[in-house]
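Below: one structure, written as structure tokens.
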Amino acid sequence: MKKRTITAILLITALSLTPVFSTYAETQGSSESTSETFPTVPETESTDTYTTGVTQTENVPKAEETLSEEEILREQQNRAWLAEQERLQEEALRAQRIGDFYKDSVVIGDSVAEDFSRYAVRNSALPIFQNLKFLTRVSYSVHNAFMAISGKSKHPIYQGQQMYAWDSLKLMGAKHIYTFFGLNDLWGGVDGTVAKYLQYLAKIQQEIPGIKITIVSTTPIYVYAKEEFNNDTIRAFNAKMAALAAENGWGYLDVASRLYDSEGNLAKQYCSDKGIHQTNAAYKHWHAAFEEYAEAHLNDDLEDKQDEKSVENLEDKQDENLENKQE
């Protein structure tokens, strides 16, 4: 009885487990079947494919913008306007630098130089005439510059009275002079006038040490001018003064060569009196000559200022060292 009972229990247990093993086996089979039916897709280099796609897109040329005729014209006008504004700014800067160059500068001379001062007054708005000063008088010359001051003397008038040029220059604070002589002097010959000119400059240098000097060339005279000399005399005089300027480190400003006619005389359109005096057209050439002279020497002026600054710094340093020693 006992054995039968045990046998029955074992049989029931076996029967109950059979569906479980069957289910597991089916599951495994199904999994294997699925794996065979749908094989794993091999991995691709998706990154490379994406990059290549981007590169190809970048290489595709973009369509060029097409401007209308009106837009092209407007762009050209804008460029032209900007170029003109730049030119005007450069011109204004150039004019200002020229004006600054003539600060503390004085033109000294006779009636021809005096007429240039009148031209400067008529054109006073120009930067070049903002600083350039004049010390002139009719009939003034290097020969009469040493005469005693009297009612008959011909010294330039400054602050309402006649003064020797060197005294007036001190009061004016002159640092650079532009001297124009010869037309009231050459009756004494070239050599005599050169000697007197040098005496005149030496006196100014003695009274105002360090003053700069520029010789302005003596201008030609009209072919029928009633003078004791001619244009050959003037050319010989100018040649000697130019050589002396180079020898002494002075400047030389050539106005004369701008005023000759084809025969080497003062051109008719530049003469106002069939003699030595000149027209407004002539003084336009003076003006141009002074501007060009300034442009040619702007760097010299800058170097001089740097030298002056260096000297000032050296003097300050020496004073500082002396004070330290005294302490």
Side-chain angles (χ1 to χ4, degrees), residues 94-138 140-142 144-147 149 153-181 197-216 245 248-253 255 286-287 289-291 293-316 319:
R94 167 186 170 275
Q96 187 59 52
R97 293 182 70 192
I98 289 172
D100 292 342
F101 178 83
Y102 285 110
K103 184 178 181 182
D104 303 321
S105 296
V106 180
V107 176
I108 308 174
D110 55 27
S111 57
V112 175
E114 187 165 287
D115 285 341
F116 184 40
S117 72
R118 294 191 180 98
Y119 174 91
V121 171
R122 293 193 298 271
N123 296 276
S124 59
L126 296 174
I128 187 175
F129 298 125
Q130 299 295 308
N131 292 313
L132 188 61
K133 300 175 183 177
F134 294 85
L135 187 65
T136 59
R137 188 173 181 184
V138 174
Y140 187 48
S141 73
V142 293
N144 62 29
F146 295 90
M147 289 177 62
I149 296 175
S153 59
K154 297 294 183 180
H155 302 288
I157 295 174
Y158 185 69
Q159 294 183 342
Q161 59 182 326
Q162 284 193 73
M163 295 184 188
Y164 291 113
W166 36 90
D167 292 332
S168 297
L169 291 172
K170 287 179 186 177
L171 295 174
M172 297 171 81
K175 294 181 181 179
H176 195 153
I177 56 173
Y178 294 79
T179 57
F180 179 85
F181 293 105
Y197 209 143
L198 293 177
Q199 182 184 352
Y200 180 83
L201 296 178
K203 179 62 177 177
I204 292 177
Q205 288 177 308
Q206 178 186 339
E207 295 292 331
I208 312 175
I211 194 166
K212 295 179 182 178
I213 296 171
T214 293
I215 308 296
V216 180
N248 289 279
W250 305 329
Y252 185 80
L253 200 165
V255 174
W286 281 65
H287 176 193
F290 270 75
E291 283 200 349
Y293 183 84
E295 284 186 306
H297 292 84
L298 284 174
N299 290 335
D300 296 347
D301 192 48
L302 180 60
E303 289 173 3
D304 290 339
K305 289 180 180 179
Q306 290 174 340
D307 291 341
E308 289 175 6
K309 187 66 177 177
S310 298
V311 170
E312 289 176 4
N313 292 338
L314 180 60
E315 290 175 349
D316 292 342
D319 292 340

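Note that the numbering runs from 1 along the sequence shown for the chain.
- Among all heavy-atom pairs drawn from I98 and E291, the shortest one is CD1-O, 4.0 Å.
- With hydrogens and angles left out, the side-chain atoms of T179 and Y197 include a donor and acceptor closer than 3.5 Å.
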Run the numbers on E207 and K170 for salt bridge (Lys or Arg N to Asp or Glu O under 4.0 Å), then give the verdict.
CA-CA 8 Å; E207 295 292 331; K170 287 179 186 177; 2.8 Å; yes

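- Separation of atoms CD1 (I215) and CG (L201) is listed at 5.0 Å; rounding is to 0.5 Å.
- Taking the six-membered ring where the residue is Trp, F134 and F129 present tilted rings, their angle falling between 30° and 60°.
- Closest approach of M147 to H155, counting heavy atoms only: O-NE2, 2.7 Å.
- In this structure, OG in S105 is found 9.5 Å from NZ in K133, a value given to the nearest 0.5 Å.
- Counting heavy atoms from C-beta outward, V216 and F290 have side chains that approach closer than 4.5 Å.
- Residues H176 and D104 fail the side-chain proximity criterion, which asks for heavy atoms closer than 4.5 Å.
- Within the 4.5 Å cutoff, no side-chain heavy atoms of W250 are placed close to those of T214.
- For F146 and W166, the gap between ring centers is short of 6.0 Å.
- Y140 has its ring centre less than 6.0 Å from the ring centre of F181.
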Decide salt bridge (Lys or Arg N to Asp or Glu O under 4.0 Å) for D100 and K103; before the verdict, give the C-alpha distance in whole Å, the side-chain angles of both, and the deciding distance to 0.1 Å.
CA-CA 5 Å; D100 292 342; K103 184 178 181 182; over 6 Å; no

